[in-house]
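What follows is a set of notes on a single structure, which appears directly below.
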Amino acid sequence: MLCGSAVGLALLAIWVLSVSGKQQTKCHCMNLALCQPVIRNEQVKKDKEVLIFDNEGKDWKHYMWSNITIIVASQQYDPELLCHAHAKGVQLLMRVTIPPVNTIWTKQKMSEWVNKQVKLVKTNQMDGINLHLDQVVTKYSPESQKITEAVQQIFTAFHKEISQSKVIVNVPWSPQCIYGRCYEYAKLNANSDSLFVMSYLMHSTSTEDCFAKPNSPYSKVSSGITEYINLGISPSKLILGVPWFGVDYTCKKLHEDGGCELINKSDKETCNVKSGDTIPYKTVMTLMPRALSQKFWKNDLQVPSFTYMSQGKSHEVWYDNPQSIAAKASLVKMFKLAGIGVWAGNFLNYSSNATVAMQTQNMWSALYNS
């Protein structure tokens, strides 16, 4: 008779048919059924989608899994994550960035790329794909149309090859050509299951003055969602993305009113609004004891900030905390959105320290109380 460890090794060596039945893949779960796609039904359907981006490692073991519906992972994800997610009825999606369109310009190359993504997801027994778009394209350009075509082919292929698969496309916080990404957003919506609206990194698009800006102010989050809805996109197709990170700015000068004038890294006339460094919430919390100022909280921003000194230089940190996350999460109910998501689950501290554990739990609770 085999002992427990030997049974585990034996099961790891078992080869099972993939979803398509055309390709053999290795199941790393003790329960082989966990390598099958998650099938949603009305009995287990949750009120809203709760999507968590995972950046590898073992932090996922400490996530609050009760309300999570989707995990988005990289191709280097922890195989144990698949088994755990599927056991919880949570879908696992692979995060992929669409390559420059000139590399998939021909129909043959595009088909090859699409087929490769389907094969990768099948081989890893995942439930779909999350597409990240980061190319600068002009409005109505052939490049913008080619991106739409690539997403359309992915959408068609995945729904044909993988039962109840998800295709979720990441889009900027506003459809107004943010970061030079002038995509055909209504068509991207028509060829996806959901659009994940990245309602953060807004500080890098503000150039009206040379001062530190919040990463995810409430007013812009709300206006961005409104702009997508005004395109004719149903709120039920939109997932609100919120940040579990902040931005740490080095100040050229810290003004008496608390304004952090930025060090100009580009030229004398243009403010480099990207001069801040993004830092996870767990790092923000380690800096908080060094804070020299009270948090600033304006009604239109609804995000906190603080200042501190490092190596003789003033810093200002804009970040999100449970209160600001809860304010943004309330928009899910207000607009009747599909759900909420966060970048990223690994940005919280999962230490057993009581104070730290409470900080982490409060961030999860704020996300769920939408």
Side-chain angles (χ1 to χ4, degrees), residues 48-82 84-85 88 90-97 124 126-134 166 168-173 179 194-204 214-216 221 239-248 276-287 303 317-322 324-326 328-329 332 339-351 356-357 359-368 370:
K48 64 174 184 260
E49 298 285 12
V50 176
L51 183 153
I52 307 295
F53 282 90
D54 180 81
N55 292 329
E56 304 174 21
K58 299 288 186 180
D59 284 338
W60 61 265
K61 292 187 175 183
H62 307 286
Y63 293 169
M64 290 179 63
W65 284 88
S66 57
N67 287 13
I68 297 175
T69 61
I70 299 171
I71 294 283
V72 176
S74 70
Q75 295 180 27
Q76 290 74 43
Y77 77 102
D78 182 354
E80 288 183 67
L81 173 57
L82 171 81
H84 189 84
K88 296 287 186 179
V90 174
Q91 293 182 310
L92 186 64
L93 274 55
M94 180 173 290
R95 185 169 72 248
V96 173
T97 298
N124 287 276
M126 299 171 88
D127 304 282
I129 192 168
N130 169 249
L131 295 173
H132 184 68
L133 315 178
D134 61 3
K166 283 277 197 311
I168 297 178
V169 179
N170 299 342
V171 295
W173 65 269
Y179 320 122
S194 298
L195 297 181
F196 179 84
V197 183
M198 300 181 291
S199 296
Y200 41 77
L201 296 179
M202 299 178 186
H203 66 288
S204 62
N215 169 44
S216 181
V221 172
I239 298 175
L240 174 65
V242 297
W244 276 352
F245 64 91
V247 184
D248 185 344
D277 296 319
T278 57
I279 55 175
Y281 182 74
K282 57 187 175 185
T283 301
V284 172
M285 289 298 96
T286 65
L287 295 173
V303 283
V317 177
W318 286 90
Y319 66 105
D320 275 271
N321 64 5
S324 66
I325 293 293
K328 284 187 269 281
V332 174
I340 194 167
V342 66
W343 180 272
N346 308 76
F347 288 173
L348 302 184
N349 189 332
Y350 296 100
S351 165
V356 171
Q359 292 170 349
T360 294
Q361 181 177 343
N362 289 341
M363 288 293 273
W364 279 102
S365 297
L367 189 70
Y368 288 163
S370 56

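Worth knowing before you read on, the calculation uses all heavy atoms, side chains too, and leaves out hydrogens, waters and symmetry mates.
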State the [atom1]-[atom2] distance between [X] and [Y], to the nearest 0.5 angstrom.
| X | Y | atom1 | atom2 | answer |
| --- | --- | --- | --- | --- |
| H132 | I129 | NE2 | CD1 | 13.0 Å |
| M285 | Q359 | CE | CD | 5.5 Å |
| D127 | M94 | CG | CE | 11.0 Å |
| M202 | N215 | CE | CG | 8.0 Å |
| K166 | M126 | NZ | CE | 14.0 Å |

What are the two closest non-hydrogen atoms of [X] and [Y], and how far apart are they?
| X | Y | answer |
| --- | --- | --- |
| V197 | P172 | CG1-O, 3.7 Å |
| I325 | P243 | CD1-O, 3.5 Å |
| A329 | L367 | CB-O, 4.4 Å |
| A366 | P322 | CB-O, 3.3 Å |
| V247 | H203 | CG2-CE1, 3.6 Å |

Counting distance only, does the side-chain N/O of [X] pair as donor-acceptor with the main-chain N or O of [Y] below 3.5 Å?
| X | Y | value |
| --- | --- | --- |
| N55 | N346 | no |
| D78 | E80 | yes |
| S199 | W173 | no |
| N130 | I168 | yes |
| K88 | N67 | no |
| T360 | N349 | yes |
| K48 | V332 | no |

Task: From CA spacing to verdict: side-chain contact (heavy atoms from CB on, under 4.5 Å), K282, M363 - done: CA-CA 11 Å; K282 57 187 175 185; M363 288 293 273; over 6 Å; no
- [ ] Evaluate the ring planes of Y319 and Y281, with Trp represented by its six-membered ring, and classify them as parallel (under 30°), tilted (30 to 60°) or perpendicular (over 60°).
- [x] tilted
TODO: On the 0 to 90° scale, with breaks at 30° and 60°, tag the W65-H84 ring pair as parallel, tilted or perpendicular.
DONE: perpendicular
Open item on the list: Checking D54 against Y63: is there a side-chain donor and acceptor pair closer than 3.5 Å?
Closed with: yes
Can you find a pair of side-chain heavy atoms, one from [X] and one from [Y], that are under 4.5 Å apart?
| X | Y | value |
| --- | --- | --- |
| I52 | W364 | yes |
| S74 | E56 | yes |
| S216 | K328 | yes |
| Y77 | L92 | yes |
| L51 | F196 | yes |
| L287 | I279 | yes |
| L82 | N124 | no |

Open item on the list: Evaluate H62 against L348 for side-chain contact (heavy atoms from CB on, under 4.5 Å), listing each step before the verdict.
Closed with: CA-CA 10 Å; H62 307 286; L348 302 184; over 6 Å; no
Task: Criterion side-chain contact (heavy atoms from CB on, under 4.5 Å) on W244 and Y200, from CA distance to verdict - done: CA-CA 10 Å; W244 276 352; Y200 41 77; over 6 Å; no
Open item on the list: Exactly one of L201, D320, V342 should register a side chain to side chain contact (heavy atoms under 4.5 Å, CB included) with F245. Which one does?
Closed with: L201
Open item on the list: For I68 and Y368: C-alpha separation, side-chain torsions, deciding distance, then whether side-chain contact (heavy atoms from CB on, under 4.5 Å) applies.
Closed with: CA-CA 9 Å; I68 297 175; Y368 288 163; 3.2 Å; yes
